[in-house]
Every structure is written in C-alpha cells, then in structure tokens.
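Encoded as structure tokens, the structure appears first; notes follow it.
Computed over heavy atoms, backbone and side chain alike; hydrogens, waters and symmetry mates excluded. None of these values were measured; they are calculated from a predicted model. Chain identifiers are assigned alphabetically (A, B, ...) following the order of the sequence lines, protein sequences preceding nucleic acid strands; residue numbering begins at 1 within each chain.
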Amino acid sequence: MSSTPVRVRFAPSPTGYLHVGGARTALYNFLYAKKTGGEFILRVEDTDLERSTEESMRMQINDLKWLGLKWDEGPHPETHADMGPYGPYRQSHRKEIYLQHAQKLVESGRAYYDFRTDAELDAIKERLIKTGKPPQIEAPETLVPLTEARARLAKGETAAIRFQVNRKGEPEKREYVLNDLVRGEVKFPSDMVGDFVCIRSNGMPVYNFCCAIDDALMKITHVFRAEEHLSNTLRQMMLFEAFGYASPKFGHLSFILGPDKQKLSKRHGATSCNDFRLKGYMPEALCNFILLSGWSSPDGREILSREEQIELFTYERFNSAPAVFDDTKLLWMNSMYLRALPHEELWSRLQPFLKEAGLTIPQGDDVQWRDHALSAFKTSMQTLADAPKLFEALDDSKFSLKPEATEVKAWPDTLKVWAAWKSELEKHAAKYITEPEFAAIQDRVKDQTGVKGKQLFQPIRVAVIGTPQGTELKVLVPLLAKSSLINRVDRCLKA
RNA sequence: GUCCCCAUCGUCUAGCGGCCUAGGACACUACCCUUUCACGGUAGAUACACCGGUUCAAAUCCGGUUGGGGACGCCA
C-alpha cells in the first residue's frame with residue numbers, strides 16, 4: 001500500500017449560516033483527517049455570484065470555529081487570507097485555473113462551444129419530454145468548428161462550454177463504476193447525463209467542473225459529502241478521466257431529515273449551528289449529537305470526547321440510511337455536557353444569557369457562592385438558555401408573588417409562618433444563612449407556630465421565591481443575603 | 001417519466017448466515033430516593049415494511065413489491 005497522506009476537505013457554499021447537515025459533513029471530514037494524521041482543508045465554493053456573499057462566508061467560518069473544527073488549509077480563520085500551498089481556496093479566485101482547463105477540453109474535442117440560446121435549449125428539452133426521452137442536452141448535429149467559434153466569440157457573441165459525453169464514433173453507452181466508501185459499488189450508465197455545462201456563457205465556471213478540478217489539484221484523497229452529490233459524481237468521474245487526473249475516494253453520507261422525514265429545513269425550526277448556539281446549546285454537545293446521527297461507535301458508547309471521537313472514527317461505521325433529527329435527544333445530550341462542565345467554565349458560558357435577560361448577579365464574583373449556585377441549578381438546566389429563569393430567583397428586583405402562590409397564600413397558617421420566619425431572620429447575625437442554620441431556623445418556626453409539613457414548608461418557599469415550585473430551599477436560602485430574604489417576606493406580608 | 005440511493009422499537013442505532021426468545025441510548029410508563037420540582041436508581045412496554053427464493057439455518061444473501069429520499073439546471 002502506498003502511504004499517500006490523507007487530504008480531506010469541507011467545501012461549503014457561502015449562502016447563509018452553516019446548516020447542521022453541513023456541520024456533520026465537516027465533522028466527519030475533520031475526524032478522518034485527525035484520525036489518519038492527514039490534512040483538513042476548507043474550500044469555499046462561491047461560483048454562484050447571485051447567492052454567495054462575503055458575509056455568509058464569515059458566518060460559516062465562525063460557525064466552524066464555534067464547533068471547534070480547525071482546518072489546516074483554507075481561508076485564515078481571522079484574516080480570511082489564503083493559508084496553505086494549494087490556494088487560492090475560494091473558487092471565485094480560481095477562475096483562471098478553470099478557464100485554462102476548459103480550453104484544454106475544447107482543444108482536445110472533449111468539450112464544445114455552445115451558442116444555443118436558452119429558448120432554443122428549452123425547446124429541445126420540451127421536444128425530448130414529448131417523445132418520452134429524458135430532457136438531456138446533446139451536441140448539435142454539426143458542431144461549430146473551433147476557429148469559427150473563436151471568431152464569433154471575438155466579435156462579442158457568447159457561448160457556454162459543454163462537456164461532450166458522447167462523441168461520434170464512440171460507444172454510446174458505457175458503465176462507470178463508483179466504489180463508494182459508504183454505499184459500496186454504485187453503477188452509473190453514461191447516458192444518465194447529457195452534455196453538461198463547464199463554463200457558463202457569462203464566463204463563470206459551474207460547480208461540477210470546479211469541484212472535480214479542485215479536488216484533483218488540491219490532492220484531495222477522500223471526499224465525504226452528502227448523498228445529494230451521488231449522481232453528480234458521474235460527471236466528476238468523466239472529468240477526472242478527461243484530464244487524466246486520479247479520482248479521490250468518495251463516501252456519500254445519507255441525509256439528516258426532519259420529523260416528517262423530509263430533508264431538514266428551516267420550517268422544522270432550528271437547523272443552523274447559529275440557531276442552536278442562540279438556543280443555549282453547546283458546541284461539544286451538538287458535535288457529539290450529529291456525530292451519532294449517521295455513525296456509531298464500535299462499543300455503543302454515546303458520550304464521546306473529541307479525543308475519543310478521533311480515536312474511534314472510521315468510515316466503515318457510517319449508516320447509509322437517512323436519520324431523523326431528534327431534538328429531544330440533543331437536549332438530553334446537551335444537559336449531560338452542561339453538567340459535566342467545570343463550574344468556572346459553565347459560569348462564563350452562562351454570562352451572555354444572563355446578560356441578555358437583564359440579570360445582574362454581583363455575588364457571582366465570589367467563587368464559593370458561584371459553586372453553590374451552580375450545584376443548585378445545573379441539574380435543572382438542559383441548555384444555557386435555561387439559566388435566566390433559574391437565576392432570576394436570586395435577583396431581588398425580579399421578586400414577586402407569582403399566581404401559582406395564590407393557594408398557599410390563602411392557607412390559614414401562612415401569615416403566622418411568614419411572621420415567625422421574618423423574626424427568625426432578623427435575629428440572625430451573619431449576612432448569609434448556612435444550610436444547617438436554615439434547618440435550625442425552620443425548626444424554630446415550626447415550634448413557634450405549631451405548623452408543620454407542607455403547611456410550613458410551602459409558605460416559606462413562597463416567601464423566598466414567590467412560588468411553591470422551584471429549587472430546594474436548603475440550597476437556595478444560603479445563596480440569598482439575609483437582607484434580601486427579609487425584604488421578600490416583607491413584601492409577602494404586605495400583599 | 002428516466003436513473004440512483006435507502007428500509008430494525010416513536011427517534012438515533014447495534015447486528016455484516018447460527019451467539020437474536022433482536023442489544024444499547026433518548027423519549028415513555030411504574031416503583032424507589034426526595035417535606036415540592038429536578039437529578040439519581042430499579043424495573044417495564046415497544047421494532048427486523050411486504051412477498052418470494054438460496055440455505056440444514058436468514059434481521060443478515062438474492063429477486064420482486066410497496067414506501068421514503070435524491071439527481072436529471074448556464075444552483076451547489
């Protein structure tokens with residue numbers, strides 16, 4: 001076996017945020033590169049001037065960075081300048097390369113200038129459909145000779161360059177065999193495609209053409225990409241053959257679907273990495289989740305660190321069937337990651353969400369206080385975005401008697417409990433109340449009032465957080481200053 | 001319409017001819033823990049799309065049917 005170094009690529013087209021399907025493709029390629037000690041290349045496929053934007057490229061780069069998928073070659077993550085020996089890495093900057101290749105094809109007679117107008121082409125297709133044939137464009141009966149074509153071009157006419165699949169005198173039908181890394185042997189009849197455009201009449205090259213040339217020139221060895229490209233592969237194989245380039249190995253991944261088994265799209269809710277980031281999902285969890293949507297670990301373990309993912313990764317464990325995106329399981333996975341995070345890290349990741357909700361938690365600077373608070377709350381959080389409604393209990397300015405407390409408020413002993421609770425608080429000397437101190441205070445309130453059980457417990461809870469449902473008091477009370485506890489019970493007594 | 005891909009619990013999946021009375025995970029149900037909720041623990045219910053072959057033996061191999069998806073662009 002030759003030991004050609006593995007080179008894989010992720011080649012998004014910059015038309016919006018990175019979709020989770022794209023993120024999965026990127027992850028798989030990244031993992032394969034790391035596993036084999038190869039290179040991971042980012043290539044920007046922006047030949048569609050209409051849809052591609054600079055802004056989208058920036059967004060996708062940021063999404064990839066957020067996911068922690070570092071590329072070895074491609075646009076620099078910060079400056080976007082080309083980074084690596086096989087650049088440029090943006091197809092819009094490689095136009096000359098494509099044009100030269102197209103010329104080679106034209107000169108060898110493998111491709112031809114096509115002067116036909118859209119209207120003419122449409123008419124041809126319509127006629128084909130009517131006669132029950134696939135609407136594939138073939139070369140005209142007599143090709144415009146090259147010298148004449150060039151003269152017409154020089155006079156300002158425009159023409160596309162088409163790859164000629166069937167040349168006169170060649171067998172009409174051939175079979176191309178693709179040994180797909182995930183699907184096995186796939187056979188394509190050559191008449192599956194008509195003569196396809198390589199260069200548009202406006203001079204811009206087309207996806208299939210760029211893709212094949214770039215994969216060859218960038219010495220890509222393996223291509224893991226979505227299943228939608230499976231039939232494109234035939235055209236690319238024809239191009240490799242025409243140029244005498246070696247073909248990379250391909251592996252076509254199945255789709256990620258929505259709950260209705262349709263391709264996952266905006267109408268299913270969150271689909272881009274950015275959506276998930278905003279909803280409080282963590283990149284580690286999202287990566288781990290999408291990893292498992294189309295791939296499985298040999299021993300069935302599901303929570304895997306990046307190191308373990310690299311260690312275990314092999315394309316032999318891809319699942320060729322499509323997968324429905326299960327956001328309930330993603331939620332579970334996110335909560336697992338969230339709980340496992342060191343408190344310091346968790347605290348810092350929570351900040352944007354607390355800030356956005358307008359919460360200021362000054363006590364957070366105290367490491368011990370923060371530790372307490374996070375231990376108390378993190379088992380109730382599934383996403384980072386769950387934090388505000390939990391931490392709200394700690395912000396005096398947000399305290400109020402919630403509608404859910406109405407029943408408790410009406411109990412006959414409630415007022416008595418609140419009064420005793422308040423006087424016990426006032427007797428307490430220190431600024432904060434520890435957990436055992438709270439238990440003692442609670443006992444004294446019980447003794448003084450003769451109230452016990454739910455009748456005792458719920459009113460105190462309401463006096464602390466304004467509702468009978470929430471985090472355990474024994475962890476919550478020590479997080480609140482005595483002054484704010486008094487302030488709260490006062491407001492209850494007034495209500 | 002033509003060509004291509006796919007088919008195991010509700011969902012993600014294990015399984016690559018006998019270890020399968022089909023295993024794990026999420027979700028679900030019950031119980032335990034808990035002076036609420038959550039966390040945690042234990043137990044349970046639920047699947048090989050269908051029909052034919054091949055074989056001593058089929059979830060696994062082959063053919064067909066059905067169902068889903070994709071490609072057939074001067075989109076990527």
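- Here Ser231(A) does not reach the OP1 or OP2 of C5(B): none of its side-chain N or O atoms lies under 4.0 Å away.
- Atom pair Leu181(A):CG and C5(B):C1' shows a separation of 16 Å (rounding to whole Å applied).
- Under the 6.0 Å cut-off for aromatic ring centres, Phe377(A) and Phe391(A) qualify, their centroids lying closer than that.
- Here A76(B) is the nucleotide among G68(B), C12(B), A76(B) with the atom lying nearest to any side-chain atom of Thr47(A).
- Among the protein residues, Gln382(A) comes within range of no part of the nucleic acid, since none of its heavy atoms lies under 4.0 Å from any strand.
- Side-chain atoms of Arg317(A) lie closest to G15(B) of the nucleotides G15(B), C12(B), C4(B).
- Geometrically, Arg152(A) engages Phe115(A) in a cation-pi contact, judged by NZ or CZ lying under 6.0 Å from the ring centre and within 45° of the ring axis.
- Using a 4.0 Å cut-off between charged side-chain N and carboxylate O, Asp327(A) and Lys279(A) make no salt bridge.
- Aromatic ring pairs are classed by plane angle as parallel below 30°, tilted from 30° to 60° and perpendicular above 60°; the pair Phe276(A) and Phe325(A) is tilted.
- Nucleotide C74(B) holds its C1' atom 11 Å from the CD1 atom of Ile199(A), rounded to whole Å.
- In this model, the phosphate group of C74(B) is approached by a side-chain N or O of Arg162(A) to a distance below 4.0 Å at OP1 or OP2.
- Atom CG in Asp260(A) sits about 15 Å away from atom C1' in G67(B), given to the nearest Å.
- Arg235(A) has no side-chain polar atom (N or O) that falls below the 4.0 Å cut-off from OP1 or OP2 of C3(B).
- Taking 4.0 angstrom as the limit, Gln136(A) places none of its side-chain polar atoms (N or O) nearer than this to OP1 or OP2 of U2(B).
- Contact between the side-chain N/O atoms of Asn319(A) and the OP1/OP2 oxygens of G15(B) is not found at any separation under 4.0 Å.
- Each of U35(B), C26(B), U11(B) was ranked by its minimum atom distance to the side chain of Thr328(A); first place goes to C26(B).
- Distances shorter than 4.0 Å separate some side-chain N or O of Lys261(A) from OP1 or OP2 on U11(B).
- Base pairing of A59(B) is not made with any nucleotide, judged by Watson-Crick or G-U wobble geometry with both donor-acceptor distances under 3.5 Å.
- Comparing atom distances between the Glu228(A) side chain and each of A38(B), C12(B), A71(B) picks out A71(B) as nearest.
- The base of A76(B) is paired with the side chain of Asn232(A) by a donor and an acceptor separated by under 3.5 Å.
- The separation between Lys329(A) atom NZ and C12(B) atom C1' is 5 Å, rounded to whole Å.
- Pair check for A38(B) finds none; no Watson-Crick or G-U wobble contact set falls under 3.5 Å.
- Electrostatic pairing of Arg200(A) and Glu50(A) does not count as a salt bridge here, judged by no charged N lying under 4.0 Å from a carboxylate O.
- For G17(B), there is no paired nucleotide, since no Watson-Crick or G-U wobble pair has both relevant distances below 3.5 Å.
- Among Asn29(A), Asp214(A), Asp215(A), the one residue that satisfies the side chain to side chain donor-acceptor pair (under 3.5 Å) test with Arg9(A) is Asp215(A).
- The interatomic distance linking Trp332(A) (CH2) with U11(B) (P) rounds to 18 Å, in whole Å.
- Atom CD in Glu50(A) sits roughly 15 Å away from atom P in C74(B) (whole-Å rounding).
- For G24(B), the base has a donor-acceptor partner in the side chain of Glu302(A) [N/O atoms by modelled type, under 3.5 angstrom].
- In this structure, A43(B) forms a base pair with U29(B), meeting either the Watson-Crick or the G-U wobble geometry with both donor-acceptor distances under 3.5 Å.
- Between Tyr176(A) and Phe188(A), the ring centre distance reaches or exceeds 6.0 Å.
- Checking C26(B), C3(B), A76(B) against every side-chain atom of Val206(A), the shortest atom distance belongs to A76(B).
- What separates CD1 of Ile256(A) from C1' of G70(B) is a distance of 16 Å, to the nearest Å.
- Within the structure, every side-chain polar atom (N or O) of Arg301(A) is placed at least 4.0 Å from both OP1 and OP2 of U13(B).
- Under 4.0 angstrom from either OP1 or OP2 of G40(B) there lies at least one side-chain N or O belonging to Arg339(A).
- Side-chain atoms of Ser293(A) stay outside donor-acceptor range of the base of C12(B), with no qualifying N/O pair under 3.5 Å.
- With distances taken from any side-chain atom of Ala321(A) to the nucleotides A76(B), A7(B), G73(B), the minimum falls on A7(B).
- In this structure, the CG atom of Asp180(A) is 14 Å from the C1' atom of G70(B), given to the nearest Å.
- Pairing of G67(B), defined by two Watson-Crick or G-U wobble distances under 3.5 Å, is identified with C6(B).
- Nucleotides A49(B) and G67(B), compared at atom P, are 16 Å apart to the nearest Å.
- Residues Val182(A) and Arg461(A) each lie close to RNA chain B; by heavy-atom proximity, the contact nearer the 5' end of the strand is made by Val182(A).
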